[in-house]
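The figures that follow rest on heavy atoms only: side chains count, while hydrogens, waters and symmetry mates do not.
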Amino acid sequence: MAEFPPRPSDSEAEVFRRRRRGRNIAVVLVLTGLALLFYAVTIVKMVRP
Amino acid sequence: MSDLSSDMAGTDRGEQSSLSVHELAMEDDVRDWIALLKPRVMSLVVFTGLIGVIVAPGHLHPILAFTAVLCIAVAAGACGAINMWYDRDIDAVMRRTRNRPIPAGRIEPGGALGFGIVLAVGSVIVMGVTINLVAAAVLALSIGFYVFVYTMWLKRRTPQNIVIGGAAGAFPPVIGWAAVTGSVDLIPVILFAIVFIWTPPHFWSLALWSNEDYRRAGVPMLPVVAGGKETRKQIVLYSLLLVPLSLTPWYLGFSGSIYGIAAAFLGLGFLVCVARVFTDRQDPAGVSLTNDAPARAAFKYSILYLFILFAALAVDRLIG
């Protein structure tokens, strides 16, 4: 019979979720910042070639 | 809010059993990914790069200037991440570095390497597309120099590691200048030389009091290989070169008296600091009997020195 790894406790899982949420928010902020930066650079280049 | 939180986390309580012990063991945090970028090192690199942008003749739109400095910062961070990936074995045995994310087991080595490569390639591409190809080429050269020449080749092989490797940290003002002018002239080369000659006394001051760490890790820093006495002598010699070199922008008429006076006084302070390192009470083997207090003070002063020196150059150029 196959052995399954031990399940994490509720508190361990909560810590994991909190960290993953932090990473997700960071990725969203970085991608939004990059999109805004590229937009701004494009406008600058179009206005001042 | 809690629903949104669950969505952001991409899971809910029903998925609890899908979290493996392995996933939980990699307890990485956003702060660990930021730590991979070596933010303290990055701050000095960003600052000198920004000064290169400010003092260069010509004009760069503030958004483009911001982009150029951002690329320099990201490239510096990428170098830090790749360096931490490569040096994870020696980081694990050094007290100063053993709590870094990789040796502490919070980030997998492969993840750190991938992170560093993506940032390095991304910063060069963005610099090339948005600023100019010369700045992108110098940026790529600085990354390559730091990763391949310093980290992989010199660091573990020669006590001259940080002398030659110091060139990697000296590129930012050149990159900043190239971002504005699209070329590399004499003045950015002088700024490069100032950071290049400043690096050995700065690092060897640190190495004097981190000597044991480096010895344990087998890194042939000068104090480990040649001893404290020789290191102190070399610190003084490089400092004697640094002070007149720092006055060169003034001799050449590139900057005015604000910079000239600041460089002279800062240089005098630097020489006083390294003279104290040289005359520190030592045992016959050159080991400090004062817990390396003068070397610690010289290390702190060296950071302040470079910040104020470059700030004075920018102020001089902006006012004059």
Side-chain angles (χ1 to χ4, degrees), chain A, chain B residues 1-34 36-37 59-71 73-74 77 101 106-107 111 115 118-119 122-123 125-132 179:
Chain A
M1 193 172 156
E3 282 187 26
F4 291 98
R7 288 184 180 185
S9 68
D10 279 354
S11 61
E12 285 173 329
E14 184 53 38
V15 168
F16 176 82
R17 273 194 290 270
R18 200 169 58 239
R19 290 198 167 114
R20 186 160 63 183
R21 180 167 178 268
R23 288 198 299 273
N24 291 344
I25 290 172
V27 169
V28 166
L29 290 176
V30 167
L31 290 179
T32 307
L34 272 179
L36 290 174
L37 180 68
F38 291 149
Y39 173 74
V41 167
T42 306
I43 297 297
V44 168
K45 292 246 173 198
M46 282 167 64
V47 175
R48 302 161 62 106
Chain B
M1 277 300 282
S2 59
D3 287 346
L4 181 64
S5 303
S6 293
D7 287 342
M8 292 296 286
T11 185
D12 56 35
R13 291 198 173 275
E15 283 182 349
Q16 182 180 318
S17 60
S18 68
L19 300 176
S20 71
V21 169
H22 174 72
E23 281 177 305
L24 285 165
M26 298 308 293
E27 292 181 346
D28 63 314
D29 192 299
V30 174
R31 281 171 297 187
D32 289 322
W33 293 96
I34 293 172
L36 276 183
L37 305 176
H59 175 74
L60 191 63
H61 190 283
I63 289 176
L64 296 180
F66 172 79
T67 308
V69 174
L70 182 70
C71 287
V74 171
R106 297 192 300 275
I107 288 182
F115 185 55
V118 167
L119 292 184
S123 64
I125 290 174
V126 172
M127 184 72 102
V129 170
T130 63
I131 309 298
N132 62 57

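With rounding to the nearest 0.5 angstrom, the CZ atom of A:R23 is 9.5 Å from the CG atom of B:D32.
Taking all atoms of both residues into account, the shortest heavy-atom contact from B:D29 to A:R19 is OD2-NE, 3.7 Å. When all heavy atoms of A:K45 and B:L64 are compared, the pair lying nearest together is CE-CD2, 4.3 Å.
Contacts with chain B (heavy atom to heavy atom, under 4.5 Å) involve these residues of residues 29-37 of chain A, listed by number: A:L37.
By the 4.5 Å heavy-atom criterion applied to side chains, A:V41 and B:H61 are not counted as neighbours.
Heavy atoms of A:A26 lying under 4.5 Å from chain B belong exclusively to its side chain. Within the 4.5 angstrom heavy-atom criterion, only side-chain atoms of B:V126, from C-beta onward, approach chain A. Within the 4.5 angstrom heavy-atom criterion, only backbone atoms of B:I131 (N, CA, C, O) approach chain A.
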